[in-house]
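Given the structure is predicted, the values throughout are model-derived calculations rather than measurements.
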Amino acid sequence: MEHYLVYIWLGVAVLFALIEVGTVGLISIWFMFGAVAACLVAMITDYWWVQLIVFLLVSGVLLAFTRPLLKDRLMRRSVPTNADMLVGQKAMVTKALRPGFTGRVVVDNQNWAARSETELEEGVWCLIQGIQGATLEVCAVQTEAASETAQIK
């Protein structure tokens, strides 16, 4: 018997385990289990193509059926905070916003750092689109008069 294939499959299993530790993507671990199964088959038969088929089948079945189940449970979900409730609200610009620079806005009587991709002058209303750390991402609010003018044109 060609027992060296047992060691090769063990090496492949260890390699996939190390890759999984480095990536944490729940992909390589299934190939590790496939390599372990192929290693067990290598103890029984010398046919490398049987071992390869077992490796591919076990890896493919585990990847297809168990990864989606475990991914939902193991992947971290973002935990909403009170600040997330600000998204979609209007804020008043208190320090002018320029692209690439941070300004200031007030929302619910709280002063926040803010960024915008467009220029917003002090005293105008803006819409909160998102939050990055402790900085709000805002955009200009279309006034009703501006939207009516746009609809007429």
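Heavy atoms only, all atoms of each residue included: Ala35 and Val12 are closest at CB-CG1, 3.8 Å. Between Ala13 and Met32, the closest heavy-atom pair is O-CG, 3.2 Å. For the residue pair Val54 and Ala38, the shortest heavy atom distance occurs at CG1-N, 4.1 Å. Here the closest non-hydrogen pair linking Leu97 and Arg104 is CD2-N, 4.1 Å. Residues Leu120 and Ala140 share a closest heavy-atom pair of CD2-CB, 3.5 Å. Considering all non-hydrogen atoms of both residues, Trp9 and Ala42 come closest at CD1-CB, 4.0 Å.
Going from atom CG of Leu62 over to atom CH2 of Trp30 covers 6.0 Å, rounded to the nearest 0.5 Å. Distance check, rounded to the nearest 0.5 Å: CG of Leu63 to CZ of Phe33 gives 12.5 Å. Taking CE from Met92 and CG from Asn109, the interatomic distance works out to 12.0 Å, rounded to the nearest 0.5 Å. To the nearest 0.5 Å, the span separating CD1 on Ile53 from OH on Tyr47 amounts to 13.0 Å. How far CG of Asp108 is from CE of Met85: 8.5 Å, rounded to the nearest 0.5 Å.
A salt bridge is defined here as a Lys NZ or Arg NE, NH1 or NH2 lying under 4.0 Å from an Asp or Glu carboxylate O, and Arg98 with Glu119 meets this definition.
In this structure, Thr118 and Cys139 have side chains that are not in contact, with every pair of non-hydrogen atoms separated by 4.5 Å or more. A 4.5 Å side-chain heavy-atom check between Leu127 and Val138 finds every atom pair outside the cut-off. No side-chain heavy atom of Thr94 sits less than 4.5 Å from a side-chain heavy atom of Val105.
Between the side chain of Glu137 and the main chain of Gly130, no donor-acceptor pair closer than 3.5 Å is present. Within the 3.5 Å criterion, the main-chain N or O of Val106 finds no donor-acceptor partner in the side chain of Gln110. The backbone N or O of Thr45 lies less than 3.5 Å from a partner atom in the side chain of Gln51, making a donor-acceptor pair. Under the 3.5 Å distance criterion, the side-chain polar atoms of Glu122 are left unmatched by any main-chain donor or acceptor of Val93.
When hydrophobic clusters are built by joining Ile, Leu, Val, Met, Phe, Trp and Tyr residues whose side-chain heavy atoms come closer than 4.5 Å, directly or via intermediates, Phe65 is not grouped with Val58. Put simply, Ile128 and Trp112 are part of the same group of oily side chains (I, L, V, M, F, W, Y) that touch within less than 4.5 Å, one to the next. Hydrophobic clustering keeps Ile44 apart from Val36 (ILVMFWY residues linked when any side-chain heavy atoms are closer than 4.5 Å, directly or through intermediates). Side-chain heavy atoms closer than 4.5 Å link hydrophobic residues (I, L, V, M, F, W, Y) into clusters, and following such links, possibly through other members, connects Phe31 to Leu52. The hydrophobic cluster containing Leu57 also contains Val41, counting ILVMFWY residues as joined when their side-chain heavy atoms lie under 4.5 angstrom apart, directly or transitively.
Grouped by direct or indirect side-chain proximity (heavy atoms under 4.5 Å, Ile/Leu/Val/Met/Phe/Trp/Tyr only), Leu18 sits with Val14.
The environment of CD in Gln89 is crowded: more than 12 heavy-atom neighbours from other residues, nucleotides or ligands sit within 6.0 Å.
Checked against ring-ring contact (aromatic ring centres under 6.0 Å, His included), Phe101 has no partners two or more places apart in sequence or in another chain.
The aromatic rings of Phe55 and Phe16 sit parallel to each other, their planes meeting at less than 30°, with 60° as the upper class boundary.
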